[in-house]
S.K.: 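Below: one structure in structure tokens.
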2 protein chains.
Amino acid sequence: MHLKLTTADGVPIYLQIADRIKRAIAVGKLKPEGPLPSVRQLALDLTINPNTVARAYLELEHQGVIYKRQGQGTFVSPQAVEAGRKERAKIVAALLEKAIVEAAALGMPPSEIAAIYGQLMHRYGLERP
Amino acid sequence: MHLKLTTADGVPIYLQIADRIKRAIAVGKLKPEGPLPSVRQLALDLTINPNTVARAYLELEHQGVIYKRQGQGTFVSPQAVEAGRKERAKIVAALLEKAIVEAAALGMPPSEIAAIYGQLMHRYGLERP
DNA sequence: ATCGGTGTATTAATTCAATTAGTACAGTGC
DNA sequence: GCACTGTACTAATTGAATTAATACACCGAT
């Protein structure tokens, strides 16, 4: 488990850890049911506090990407990939909802919301095939 | 100019002031080219620091809702209503962009983004006529 | 049972941004 | 020059986020 952390470029350590692990799973470096380094071990490697690693793991557990067995260790969840997909959907839905609720609160007509949405999707090349 | 401020329900004073003034304009209580209370006067009324009022005015100026004449005072911009509309669009666009950029970064296919968007618009009854 | 491993809980130190205020400065017009 | 306008700069306060210290609780093998 070789993680490279950029010391404080603004992104919290625990989020960096969580992100690296999710990528490792997506790429296949970490396989379902495979063990993650222990909280203490990873903390030693990175010269940080065990609690910081624990927090990263907690984040991942909430996302359903990993699970823990008390006294034994932490493992990649069998449905890690699918869980990652659902988590993505949740994040995006929350952001979209925020925008839509704000628009509605400001009295913006649906047609205008749709127009802005369409422009943005187009700008980022996200046309439907 | 009677503003009622709920002391620290979490919303910053300067934002509350800006909001009240925008509503006053929208409702017609403040008319284009009409004067706003001076920074000092309003600060006295509200028993707060002039700089706090100034900050609220700065916010509104950035949004094109008011303008200042040095040494004379602050006035409602002629295009205040239209400016308010544009400001709304900017806010909503920024929020939507955040969501779309995040979705793209997470590798979510456009069809899925569109699906979530559609669901949300439907949930909030924002169908196009 | 106890040892060496696992994760957890509680609390505190630190840092950082946001908010507000104190105070002194600068422009305008009578 | 006086009385009014907004402005600049600095500092106090607060509150949330992040990280760490340290002590606790669980598991499995010896």
Side-chain angles (χ1 to χ4, degrees), chain A residues 1 3-21 30 33-77 80 91 94 98, chain B residues 1 3-21 30 33-77 80 91 94 98:
Chain A
M1 200 67 190
L3 296 184
K4 279 166 194 167
L5 303 182
T6 67
T7 43
D9 62 337
V11 182
I13 296 178
Y14 79 99
L15 283 183
Q16 292 186 45
I17 295 174
D19 193 59
R20 304 307 170 92
I21 291 176
L30 286 174
E33 299 296 356
L36 271 69
S38 84
V39 172
R40 273 179 178 73
Q41 185 56 53
L42 190 49
L44 275 180
D45 287 359
L46 303 175
T47 333
I48 59 179
N49 191 283
N51 272 334
T52 304
V53 178
R55 175 148 184 199
Y57 282 12
L58 188 63
E59 189 73 20
L60 292 170
E61 189 179 31
H62 283 157
Q63 298 179 9
V65 172
I66 65 178
Y67 69 97
K68 300 164 194 164
R69 283 199 288 257
Q70 183 56 291
Q72 301 193 31
T74 308
F75 304 86
V76 176
S77 165
I91 292 171
K98 199 169 178 178
Chain B
M1 201 67 192
L3 296 184
K4 279 166 193 166
L5 302 181
T6 67
T7 43
D9 61 338
V11 183
I13 296 178
Y14 78 99
L15 283 183
Q16 292 187 45
I17 295 173
D19 194 58
R20 304 307 170 93
I21 291 176
L30 286 174
E33 300 295 358
L36 271 69
S38 85
V39 173
R40 273 180 179 70
Q41 186 56 52
L42 189 50
L44 276 180
D45 287 359
L46 303 175
T47 334
I48 59 178
N49 191 280
N51 271 332
T52 304
V53 178
R55 175 147 186 199
Y57 282 11
L58 188 62
E59 189 72 20
L60 292 170
E61 190 179 30
H62 282 157
Q63 299 179 9
V65 173
I66 65 177
Y67 70 97
K68 299 166 195 164
R69 282 199 288 258
Q70 181 57 294
Q72 300 193 31
T74 307
F75 305 86
V76 176
S77 165
I91 293 171
K98 197 170 179 177

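A, B, ... follow the sequence lines: proteins, then strands. Residue 1 opens every chain.
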S.K.: Identify whether any heavy atom of A:Arg69 sits under 4.0 Å from a base atom; if not, whether one sits that close to sugar-phosphate; answer base, sugar-phosphate or nothing.
M.R.: nothing
S.K.: Is the phosphate of D:dG28 approached by A:Gln72 (side-chain N or O, under 4.0 Å from OP1 or OP2)?
M.R.: yes
S.K.: Taking the side chain as C-beta and beyond, is there a heavy-atom pair between B:Ser77 and B:Val65 under 4.5 Å?
M.R.: no
S.K.: Applying side chain to side chain contact (heavy atoms under 4.5 Å, CB included) between A:Ile21 and each of A:Leu60, A:Val76, A:Thr74, report the one that passes.
M.R.: A:Leu60
S.K.: Is any side-chain nitrogen or oxygen of B:Thr74 closer than 4.0 Å to OP1 or OP2 of D:dT5?
M.R.: no
S.K.: Mind calculating the distance between CD1 (B:Ile13) and C1' (D:dT14) to the nearest angstrom?
M.R.: 13 Å
S.K.: Just the rounded figure in Å: distance from P of D:dG6 to CD1 of B:Ile66.
M.R.: 9 Å
S.K.: Ignoring the backbone of A:Gln70, work out which of D:dT19, C:dT8, C:dT20 is nearest its side chain.
M.R.: C:dT8
S.K.: Side-chain N or O of B:Lys68 versus OP1/OP2 of C:dG27: is the shortest distance under 4.0 Å?
M.R.: no
S.K.: With a non-hydrogen cut-off below 4.0 angstrom, is A:Arg40 in contact with a base, only sugar-phosphate, or nothing?
M.R.: base
S.K.: How many whole angstroms separate atom CD of B:Glu59 from atom P of D:dG6?
M.R.: 17 Å
S.K.: Between C:dA21 and B:Thr52, is there an OP1 or OP2 to side-chain N/O distance shorter than 4.0 Å?
M.R.: yes
S.K.: Let me know the distance between CG of A:Leu44 and C1' of D:dA21, rounded to the nearest Å.
M.R.: 15 Å
S.K.: Whole angstroms only, please: what is the CG-C1' distance between B:Asn49 and D:dT13?
M.R.: 14 Å
S.K.: Is any side-chain nitrogen or oxygen of B:Tyr14 closer than 4.0 Å to OP1 or OP2 of C:dT19?
M.R.: yes
S.K.: Find the distance between CG (A:Leu36) and CD (A:Gln41) and round it off to the nearest 0.5 Å.
M.R.: 12.5 Å
S.K.: Spell out yes or no: do the side chain of B:Asn51 and the base of D:dT10 have one donor N/O and one acceptor N/O closer than 3.5 Å?
M.R.: no
S.K.: Verify the distance criterion only: is there a donor paired with an acceptor across the side chains of B:Tyr57 and B:Arg55 at less than 3.5 Å?
M.R.: no
S.K.: Do any side-chain nitrogens or oxygens of A:Arg55 fall under 4.0 Å of OP1 or OP2 in D:dT19?
M.R.: no
S.K.: Calculate the interatomic distance between A:Gln41 atom CD and C:dG5 atom P; express it in whole Å.
M.R.: 10 Å
S.K.: Output the rounded distance in Å from CG (A:Leu46) to C1' (D:dT19).
M.R.: 13 Å
S.K.: Can you confirm whether more than 12 heavy atoms, excluding those of B:Lys68, are under 6.0 Å from its NZ atom?
M.R.: yes
S.K.: Between C:dT20, C:dG27, C:dT8, which nucleotide gets closest to the side-chain atoms of A:Ala54?
M.R.: C:dT8
S.K.: Just how far, in rounded Å, is P of C:dG7 from CG of A:Leu60?
M.R.: 13 Å
